[in-house]
Each structure stands twice: as structure tokens, then as C-alpha cells.
Engineer: 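Below is the structure I would like to discuss, written out as C-alpha cells.
Numbered from 1 within each chain, the chains take letters A, B, ... in sequence-line order.
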Protein chains: 2
Amino acid sequence: MSFDARIRAAIEGDIRSGALRPGDRLPSEHELAAYHGCSRATVSKAMAALHHAGLIERRRKAGSFVADQHVHSAVLEVPDLEQLIAARGHAYRWLCRTRRHAGQELHVEGLHFENDTPLAFETRAITVATVPDAAAESFAEVAPGTWLLAHIPWTSARHRILAAGATPDEAKALDVPAGTACLILERSTWRGDAPVTRVRQVFRGDMFDMVAHFEPSRT
Amino acid sequence: MSFDARIRAAIEGDIRSGALRPGDRLPSEHELAAYHGCSRATVSKAMAALHHAGLIERRRKAGSFVADQHVHSAVLEVPDLEQLIAARGHAYRWLCRTRRHAGQELHVEGLHFENDTPLAFETRAITVATVPDAAAESFAEVAPGTWLLAHIPWTSARHRILAAGATPDEAKALDVPAGTACLILERSTWRGDAPVTRVRQVFRGDMFDMVAHFEPSRT
DNA sequence: TGGATTATTATGTCTAGACATAATATAGGG
DNA sequence: CCCTATATTATGTCTAGACATAATAATCCA
């Protein structure tokens with residue numbers, strides 16, 4: 001284990017054990033460097049990792065403080081559907097059902113299939129001002145998510161994950177009874193400040209799950 | 001925007017736009033440093049961030065390569081329930097329903113309430129060898145998750161998120177009809193290689209959702 | 001020609017600064 | 001005593017190395 005990883009683990013252990021509590025001020029980076037017998041840069045790297053994990057807050061001059069431990073962060077893996085289904089040894093298919101302009105947006109609805117079984121029903125809005133080329137794309141052959149991935153770099157994304165019973169329309173599209181438990185992923189992406197797309201994907205609850213993990217070594 | 005962030009954004013843009021494809025080898029860090037007119041450490045920092053985001057693979061001597069873009073990573077926020085409910089201006093309560101030893105594990109079942117409405121039904125296994133103090137804790141007053149957070153540092157966590165209809169037992173505990181769409185969070189944590197706890201939390205779908213976001217600036 | 005050994009290269013990690021800047025503490029004047 | 005200005009401190013970022021090491025390329029010998 002690298003030196004900075006060991007420093008991070010030591011401080012993390014103190015935070016998780018309660019030896020350090022939210023609001024507590026940590027020793028300065030210079031002090032920690034002297035204490036651990038290493039350079040300030042090594043300590044700073046460990047602190048940056050703790051900050052990234054949401055465990056501490058860093059403020060210039062004021063110092064570093066233990067953060068409120070009200071949110072744990074984990075790395076959520078959001079798979080590309082085509083690749084996910086291929087990895088399961090199954091066949092993927094996208095079916096575009098509707099495509100229409102709505103004001104400044106392009107609205108697309110469609111279904112993702114796994115071996116001819118509907119897996120997810122998707123409704124999407126694409127901001128044409130941000131993605132002019134989308135206006136000329138039919139999305140008959142390629143899923144808009146896959147197309148967007150290939151055509152425009154997004155710089156930030158926000159996901160909301162929830163569970164709900166399928167509405168009558170969703171149920172019909174997914175070929176399940178209304179009210180069936182579905183995992184819903186709502187995702188918005190931006191390029192800088194410009195919105196790229198907003199999508200709501202309704203997954204059959206029995207066919208899809210997501211994985212998130214937290215491992216300090218991943219930093 | 002810092003220099004390393006700008007380098008990272010430039011490379012990320014090339015990957016997302018398809019200008020760089022999975023398997024492509026990136027220029028060496030020395031080459032990138034010369035190209036951008038900065039130090040190798042600055043480039044290395046940007047590359048570490050790209051690696052952390054799952055966009056590239058780094059191998060000594062071999063170089064850095066664009067990774068298969070089959071999984072996007074986002075930072076999932078896993079809230080502490082008590083704090084989350086307090087933040088909503090509501091009252092939190094934990095009700096322990098069963099507590100029993102089962103082989104080398106302590107099994108605890110209970111309910112999390114929000115303003116006297118059941119929010120989540122939890123079934124949990126705690127590995128006593130890893131957490132000896134748990135054997136003496138009744139969990140009548142404090143939710144095991146909160147207690148574990150205060151008593152043992154965990155070093156890695158794995159979550160699985162899915163949707164399913166409430167089973168009859170779960171429905172009864174949550175005071176909803178059987179089959180109601182629920183968001184299920186299955187979480188396991190470890191301290192080093194030692195398992196700490198495995199928990200399954202079944203949330204009423206209408207009362208709970210999760211948020212995950214990806215923002216390069218958070219690195 | 002193939003296998004073993006050695007050299008080389010690129011990333012991984014660390015040090016020791018320098019400089020920028022946000023934030024806090026101190027000092028001085030009204 | 002309060003407000004403003006200045007000094008100080010701690011983090012934020014960058015440079016320029018050095019050294020470690022994994023992996024690849026080249027060389028040499030049988």
C-alpha cells in the first residue's frame with residue numbers, strides 16, 4: 001500500500017470509528033507531514049482522496065474538517081445496455097416507437113429488448129441547440145443513448161433511481177401487468193452548462209439491477 | 001479550471017466524441033507534458049482522474065489506453081436514513097423487531113419510520129467475529145447501521161439496487177399491499193477482507209429515491 | 001531460431017520546493 | 001470599541017526532479 005493510501009486509511013479509520021467526529025478540525029497538512037515523516041504533497045494527496053470520498057471538507061487557511069457523515073459515496077456503474085446484454089450472452093435490439101420535435105427539443109420514445117423480451121421503456125428529450133446533428137438522425141437503427149455517446153462529449157451527469165409500479169402505458173410497452181415493480185433510472189447530462197439530454201428509462205424489475213461499490217483503493 | 005482539469009477534459013472530450021476509441025493507446029505522459037507545456041506530474045494527475053472515472057487503463061511501460069466504454073461511473077449518494085429524514089423535516093424512528101444469533105452471525109430485523117410511516121424494512125446479518133461488541137448490543141434504541149457506523153470502520157462496500165414487488169411479509173411490515181413496487185438496496189461491507197455486515201433494505205417506492213451524479217470537477 | 005538475459009521505457013510514487021489564494025488573526029486608527 | 005487594513009496561515013496547484021517497478025524491446029548465446 002502506498003504511503004498516501006496508508007495516511008488516508010489511518011484518518012478514515014479515525015473518522016469511521018468515531019475517534020474523529022463531524023466538525024472536528026484535522027491537523028494541518030504540515031503537521032500531518034511531520035507526524036507521518038513524509039512530504040506535504042503526500043499528505044495533500046491523501047486528503048484530496050478523503051475529500052473526494054465525502055469524508056472531509058477542506059478550506060484554505062481554515063484547515064480541514066471532518067464532514068457530516070450523512071452521505072456515503074459509492075461508485076455506481078451505469079452500463080451501456082447493448083454491452084450489458086451482450087455480456088449476458090443475449091441479443092440486444094432497440095425499437096424506436098416515436099420521434100417528434102417538441103419546441104427546442106427532439107422527443108424520442110422506444111424500447112430496449114433483450115432476446116426479444118422488452119427490458120426497458122425509454123422516453124427521452126434531446127436539446128437540439130446543444131446537439132444540432134440529432135435533428136437529422138432518425139434513431140431507427142441506433143438507440144439515442146448510444147448515438148449521443150458517440151457524437152457529443154458530456155461533462156456532467158445526474159441520475160435519479162427509484163422504484164414504481166408500471167403505468168398502463170409503460171406496462172403495455174413492456175408487456176407486463178400494470179403495477180409491476182419497475183426500476184426507474186432518470187438521467188440528465190450536460191456539456192458544460194448546456195443540457196444534452198434528459199431520459200427516463202423504466203426497467204422491468206425482474207430483469208435489471210445496478211451495482212455500486214466503494215473501495216478506497218479505486219481512488 | 002486548473003491545468004490538470006483542463007488536460008483531463010481535453011482527453012475526455014476526445015474519448016466521448018469517438019476521436020479516441022477503446023483500445024487506442026494514448027501518448028505517453030512525457031509526450032503529453034511536452035504537448036501541453038506542463039510537467040509530467042500535472043499530466044499524471046489528470047490521467048489518474050481519467051483512470052478513476054473508468055475512461056482509461058494505465059499499464060507501466062505499456063502506456064495508457066482508452067478503456068472499453070461499457071460502464072459509466074457515477075457517484076452514488078447513500079444517505080444515512082436518520083439524517084435524510086431529519087433533512088426532510090420529519091421524525092425518524094427505528095423499531096427493532098427481531099434479534100437473534102444464527103451461527104457466527106447476529107441477525108436483526110426492523111423497520112425505519114418517517115413520521116410514524118414505515119419507510120423501509122431491513123433484514124441484516126452482522127459477522128460477530130469481525131464486530132465482537134455487537135454481541136452485547138440490543139439494537140433496541142439504535143439502528144444497527146448507525147451503530148456500526150460509529151463502532152467499526154469499514155473499508156469497502158458493495159451495493160446492489162433493484163426493484164421488486166413487496167412480498168407478503170414485507171408488505172405487512174411496511175403497511176402496503178403485497179406487490180407494491182419497492183426499491184431494494186442490498187449492501188455488504190468489509191473491513192479489509194473481513195465481512196462486517198450484509199443488509200437488505202426494502203424501501204416503499206413512493207417514499208424513497210437515490211441520486212448519483214458524475215462531475216469531473218468533483219475529483 | 002528460440003530462449004534467456006539485459007536494457008529500456010513508461011507509469012507509480014515520493015520529495016522539496018515555489019507561488020497563488022482564500023480565510024483568519026492581528027494591528028492600528030478613528 | 002468598531003472598522004479597516006495588513007499580516008499570517010493553511011490549502012490549492014504546479015514544477016522538477018529522483019527512484020521504484022512493471023512491461024516491453026533488444027541482444028546474445030546455444
Engineer: Take the protein atom CD1 of I56(B) and the nucleotide atom P of dA10(C), then report the distance between them rounded to whole Å.
Structural biologist: 15 Å

Engineer: In whole angstrom, what separates R60(A)'s CZ from dA10(D)'s P?
Structural biologist: 15 Å

Engineer: State whether T42(B) places a side-chain N or O below 4.0 Å from either non-bridging phosphate oxygen (OP1 or OP2) of dT15(D).
Structural biologist: yes

Engineer: For H30(B) and S2(A), find the nucleotide of DNA chain C closest to each by heavy atoms; which residue's nucleotide sits nearer the 5' end?
Structural biologist: H30(B)

Engineer: Quickly work out the R8(A) CZ to dC14(C) P distance and round it to whole Å.
Structural biologist: 14 Å

Engineer: For R59(A) and dT8(D), what is the distance between atoms CZ and P respectively, to the nearest whole Å?
Structural biologist: 23 Å

Engineer: Between atom CZ of R187(B) and atom CZ of R158(B), what is the distance when rounded to the nearest 0.5 Å?
Structural biologist: 13.0 Å

Engineer: dT11(C) P sits how many Å from R25(B) CZ, rounded?
Structural biologist: 7 Å

Engineer: If we ignore hydrogens and angles and just use 3.5 Å, is the side chain of R99(B) paired with the main-chain N or O of E137(B) as donor and acceptor?
Structural biologist: yes

Engineer: How many whole angstroms separate atom CG of L32(A) from atom P of dT11(D)?
Structural biologist: 8 Å

Engineer: What is the distance from CD of E57(B) to P of dA10(C), rounded to the nearest Å?
Structural biologist: 18 Å

Engineer: Would you indicate which nucleotide in dA10(D), dT24(C), dT15(D) comes nearest to any side-chain atom of S28(A)?
Structural biologist: dA10(D)

Engineer: Just how far, in rounded Å, is P of dT13(D) from NE2 of H36(B)?
Structural biologist: 18 Å

Engineer: Where each residue is assigned the nucleotide of DNA chain C containing its nearest heavy atom, which of C38(A) and K61(A) is assigned the position nearer the 5′ end?
Structural biologist: C38(A)

Engineer: Verify whether one side chain among T42(B) and R6(B) offers a donor that lies under 3.5 Å from an acceptor in the other.
Structural biologist: no

Engineer: Does S39(A) make a side-chain N or O approach to OP1 or OP2 of dG17(C) shorter than 4.0 Å?
Structural biologist: no

Engineer: Between R58(A) and dG12(D), does any side-chain N or O lie under 4.0 Å from OP1 or OP2?
Structural biologist: yes

Engineer: Should S64(B) be listed as having a side-chain N or O under 4.0 Å from OP1 or OP2 of dT11(C)?
Structural biologist: yes

Engineer: Going by heavy atoms in the side chains, are K45(A) and S2(A) under 4.5 Å from each other?
Structural biologist: no

Engineer: Run the side chain to side chain donor-acceptor pair (under 3.5 Å) check on T197(B) and R124(B) step by step: do they pass?
Structural biologist: CA-CA 7 Å; T197(B) 189; R124(B) 182 184 295 265; 3.2 Å; yes

